Amino acid sequence: MSKSKVLLTSLVVAVAFVASASVAMAAPIKIKFSHVVAENTPKGQMANKFKQLIDERLGGKVIVEVFPNSQLFGDNKVLEAMLLGDVQIAAPSLSKFKKYTKSLQIFDLPFLFKDMAAVEKFQQGPEGQKLLMATKKKGLIGLGYLHNGLKQLSASSPLRVPADAKNKKFRIMSSDVLAAQFEAVGAMPLKKPFSEVFTLLQTRAIDGQENTWSNIYSKKFFEVQPYITESNHGVLDYFVITSTEFWMGLPDDLRPQIKKALDEAILFGNTVAAEKAIADRQKIIDSKRSEIVTLTDAERQQWVNVMKPVWKQFEDQIGKNFIEAAIKSN
Ligand code: SIN
């Protein structure tokens, strides 16, 4: 072999060596997944499943760390933290996006969805998929929806008709629609973080709150709320979200694999949500700490009549087309 050929071959080998060494030594991508609920909930289980799938499939290349129970950030801070790159994935309730978009307020409209099948149909339909991009201008993109379930009203006294809620204080998530919903029945809504709800109820600083069976059970609200009205008056679902900067900065070969793991984890979380809506309700009944108030059709209709005008109030902010599509999903 000529001297120049030897030189060229050694150069090629050296470049290949450096390239493979730098691939082998590339620092793993870290994904911090922050949420506010217990691990034994649809979201807690979904986040852990995502971590497990990533460990199995991309171990070494991508590392997922899950922070439950508001350990890292509460829902009022997590999106700011995401924009600063301090957290990469979160799944706040759809009721907590008012600073980022008005369209997602649709999910707070009382008595809009008949059941979780209708919620799923809307989310997977064209309008629901369009809403995944509702926060894009603010640097955040929705990667999918995760279910928790329908909300119930818990209180320190039985709530059968709207008049029973008059002048009572209810903790709500940071949503103007939810505030309007409680004002419609003459109650006083208070926007407070999830992490404070138990203490507020226990100390009787507030009279009640609205939440799903799994949150009422896993955060022990039922131990300090003697009555739960099975109202199914609204939905509490999640927006699985990331920052555009993080997502678009992922290597092209890894992004689809991470998305696939996330989609599978969401499907798993949705199964957990459906199971927990039944099982956690039953555990609360069995505990005998809280009495379930079952509404007659006429009593429920009173809540619908008083709360439904809230739709009109927010129609312009949300968009009539979205509301019409949601109604059709029933
Ligand atoms: C959650 O389920 O993530 C929290 C809901 C709430 O703030 O009530």
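Everything quoted here is computed from the prediction, not taken from an experiment. Whatever order the structure lists ligands and atoms in, that order sets their numbers, starting from 1. Throughout, numbering of the chain's residues begins at 1 and tracks the sequence.
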* Among all protein heavy atoms, pick out the one at the shortest distance from atom 6 (C) of ligand 1; state its residue, atom name and that distance to 0.1 Å. => Phe194 CD1, 3.2 Å
* Structure fact -> If we number the atoms of ligand 1 from 1 as shown, the ones under 4.0 Å from a heavy atom of Met173 are 5 (C), 6 (C), 7 (O), 8 (O)
* Asked: For atom 3 (O) of ligand 1, what is the nearest protein heavy atom, given as residue, atom name and distance?
  -> Lys43 NZ, 2.7 Å
* Would Asp237 and Gln123 count as having a side-chain donor-acceptor pair, cut-off 3.5 Å? -> yes
* Structure fact -> In this structure, CD1 of Ile106 is separated from CZ of Phe113 (nearest 0.5 Å) by 5.5 Å
* Pick from Arg171, Gln209, Glu210: the one approaching atom 8 (O) of ligand 1 most closely through a non-hydrogen atom -> Arg171
* Answer with side chain, backbone, both or neither: which part of Val197 has a heavy atom less than 4.0 angstrom from an atom of ligand 1? => neither
* To do: Measure the acute angle between the ring planes of Phe182 and Phe170, then classify it against the limits of 30° and 60° as parallel, tilted or perpendicular.
  => parallel
* **Min N/O separation Asn148 to ligand 1 under 3.5 Å** => no
* Structure fact -> The atoms of ligand 1 lying under 4.0 Å from a heavy atom of Val37, numbered in the order shown, are 1 (C), 2 (O), 3 (O)
* Just heavy atoms, cut-off under 4.0 Å: does Asn211 contact ligand 1 by side chain, backbone, both, or neither? -> side chain
* Report, as yes or no, whether the 6.0 Å neighbourhood of atom NZ on Lys98 holds more than 12 heavy atoms from other residues, nucleotides or ligands. => yes
* Under 4.0 Å to a heavy atom of Val36 - the qualifying atoms of ligand 1, by number -> 1 (C), 3 (O), 4 (C)
* **Between Asn211 and Gln152, a side-chain donor and acceptor under 3.5 Å** => no
* To do: Mind running side-chain hydrogen bond (donor to acceptor under 3.5 Å, both in side chains) on Asn40 and Ser218 for me, showing each step along the way?
  => CA-CA 7 Å; Asn40 192 21; Ser218 60; over 6 Å; no
* Asked: Closest non-hydrogen protein atom to atom 7 (O) of ligand 1, residue and atom name please, with distance?
  -> Lys96 NZ, 2.7 Å
* Closest non-hydrogen protein atom to atom 2 (O) of ligand 1, residue and atom name please, with distance? -> Tyr238 OH, 2.5 Å
* **Short N-O contact, Lys191 and Asp176, less than 4.0 angstrom** => yes
* Measure the acute angle between the ring planes of Phe194 and Phe221, then classify it against the limits of 30° and 60° as parallel, tilted or perpendicular. => perpendicular
